[in-house]
Amino acid sequence: MSGELPPSINIEEPRWDQSTFVGRAKHFFTVTDPRNILLTDRQLEHAGKIVRDYRQGIIPPGLTENELWRAKYIYDSAFHPDTGEKMILIGRMSAQVPMNMTITGCMMTFYRTTPAVLFWQWVNQSFNAVVNYTNRSGDAPLTVNELGTAYVSATTGAVATALGLNALTKRVSPLIGRFVPFAAVAAANCINIPLMRQSPVTDGDGSRLGESARAARQAIAQVVVSRILMAAPGMAIPPFIMNALEKKAFLKRFPWMSAPIQVGLVGFCLVFATPLCCALFPQKSSMSVTSLEAELQAKLRETHPDLRRVYFNKGL
């Protein structure tokens with residue numbers, strides 16, 4: 001073994017303290033960095049080699065701590081944490097901002113006609129399905145039926161909400177109509193996330209103890225809040241700006257610029273909203289054993305009598 005770095009750096013956990021909002025925000029700004037989708041296969045494999053070697057105690061000469069963490073985040077941005085498989089490009093967390101800004105911007109530009117609503121809500125939920133499948137749990141993988149049920153239910157809910165609200169807003173200010181896509185996305189999240197979530201609980205060392213519906217409900221509530229707040233700035237601020245811009249001579253002369261401007265505004269909001277809202281709640285959540293289901297409590301009293309808290313992955 002060579003090099004100046006000690007082999008004791010725990011790269012299995014995030015670099016920053018996850019018990020604080022600032023630490024979680026720094027972590028997610030790195031995780032969602034859109035620049036990672038531009039990395040080549042060669043760069044990804046090089047980062048993976050650094051990480052795998054370090055885990056085995058092999059440290060390249062001259063490797064610094066910053067370089068190690070950079071390699072770790074590059075590796076995590078492209079490879080599934082459980083299976084080690086390279087993830088689908090558009091399903092990676094680093095693709096969230098560019099993909100969502102494009103889809104959301106178009107949903108908010110083309111929201112007036114039924115065909116446009118159907119098409120863009122379908123595109124949005126198809127993208128969500130890819131993200132959910134790509135980031136599925138390795139020890140409790142989603143079945144085709146579960147994925148299909150969530151996909152159809154969320155798409156139906158989003159389209160029904162959008163079309164219903166479009167009909168209601170025809171009699172009110174055009175500005176109100178611009179918020180219909182946001183309501184549709186919020187409705188889809190409330191349907192999609194509960195259908196996609198499973199919550200195995202573990203002890204402090206990560207050993208699996210069982211499944212808990214109560215832990216799942218806590219995780220679902222946190223993720224729904226995070227997802228809706230994540231979408232809010234990009235879908236609530238641009239409507240006011242676009243409503244004002246469309247009254248100006250520039251957009252009247254160049255109406256085709258409406259979509260690019262809207263996409264850009266949404267993207268600017270998402271660059272900050274995505275990591276900050278992911279950081280609202282700890283990724284590794286916990287709850288008291290006494291808050292679990294009676295059956296699971298009884299099991300843990302027999303197998304782990306000294307256990308006081310259990311842990312579970314909140315999800316994103």
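Panel note: side chain Gln18, backbone Trp16; a donor-acceptor pair is recorded below 3.5 Å. Between the side chain of Glu293 and the backbone N or O of Arg214 there is at least one donor-acceptor pair closer than 3.5 Å. Of the possible polar contacts, none joining the Asn124 side chain to the Trp120 backbone as a donor-acceptor pair under 3.5 Å is found. Lys86 contributes no side-chain N or O that, together with a main-chain N or O of Phe79, makes up a donor-acceptor pair within less than 3.5 Å. Side-chain N or O atoms of Gln218 include none that pairs as donor or acceptor with a backbone N or O of Ala215 at under 3.5 Å. The main-chain N or O of Met87 is found under 3.5 Å from a side-chain atom of Arg92 such that the two form a donor-acceptor pair. Using a distance-only test at 3.5 Å, with no hydrogens or angles considered, no donor-acceptor pair links the side chain of Tyr73 to the main chain of Asp33.
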Is there a side-chain hydrogen bond (donor to acceptor under 3.5 Å, both in side chains) between Thr64 and Asn66 once you walk through the steps? CA-CA 5 Å; Thr64 67; Asn66 284 338; 5.4 Å; no
Start with the C-alpha distance between Glu45 and Thr40, add both sets of side-chain angles, then the distance that settles side-chain contact (heavy atoms from CB on, under 4.5 Å), and finish with yes or no. CA-CA 9 Å; Glu45 292 298 339; Thr40 65; over 6 Å; no
Please walk me through it: do Ile9 and Glu65 pass side-chain contact (heavy atoms from CB on, under 4.5 Å)? CA-CA 9 Å; Ile9 298 173; Glu65 183 174 355; 3.9 Å; yes
Going through the distances and angles, do Leu245 and Ile261 end up as a side-chain contact (heavy atoms from CB on, under 4.5 Å)? CA-CA 10 Å; Leu245 288 178; Ile261 292 174; 4.1 Å; yes
Could you walk me through whether Lys72 and Tyr54 pass side-chain contact (heavy atoms from CB on, under 4.5 Å), step by step? CA-CA 10 Å; Lys72 166 66 173 170; Tyr54 186 81; over 6 Å; no
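Note that CD1 of Ile228 is 11.0 Å distant from SG of Cys277, once rounded to the nearest 0.5 Å. Rounding to the nearest 0.5 Å gives a distance of 5.0 Å between CG of Asn36 and CZ of Arg70. Rounding to the nearest 0.5 Å gives a distance of 10.0 Å between CG of Leu63 and CG of Asp53. Here the SG atom belonging to Cys269 is positioned 13.5 Å from the CE atom belonging to Met230, to the nearest 0.5 angstrom. Atom CG in Leu44 sits 15.5 Å away from atom NZ in Lys49 (nearest 0.5 Å). Atom NE2 of His46 is separated from atom CZ of Arg42 by 9.5 Å, given to the nearest 0.5 angstrom.
The shortest heavy-atom contact between Ala273 and Pro233 is CB-CG, 4.0 Å. Closest heavy-atom contact between Phe281 and Gln222: CE1-O, 3.5 Å. When all heavy atoms of Leu89 and Ala95 are compared, the closest pair comes out as O-CB, 3.5 Å.
The hydrophobic cluster containing Met93 does not contain Ile37, counting ILVMFWY residues as joined when their side-chain heavy atoms lie under 4.5 angstrom apart, directly or transitively. Phe127 is connected to Met101 through a chain of hydrophobic side-chain contacts under 4.5 Å among Ile, Leu, Val, Met, Phe, Trp and Tyr, so both are in one cluster. Under a hydrophobic-cluster definition in which Ile, Leu, Val, Met, Phe, Trp and Tyr are linked whenever side-chain heavy atoms come within less than 4.5 Å, directly or via other members, Phe28 and Ile11 are assigned to the same cluster.
No side-chain donor from either of Arg15 and Asn10 sits under 3.5 Å from a side-chain acceptor of the other.
Among Val271, Leu276, Thr274, the single residue meeting the side-chain contact (heavy atoms from CB on, under 4.5 Å) criterion with Thr32 is Thr274.
Contact check for Ile241 versus Leu265: side-chain heavy atoms found under the 4.5 Å cut-off.
Using the six-membered ring where Trp is involved, Phe29 and Phe272 have ring planes that are perpendicular, over 60° apart on the 30 and 60° scheme.
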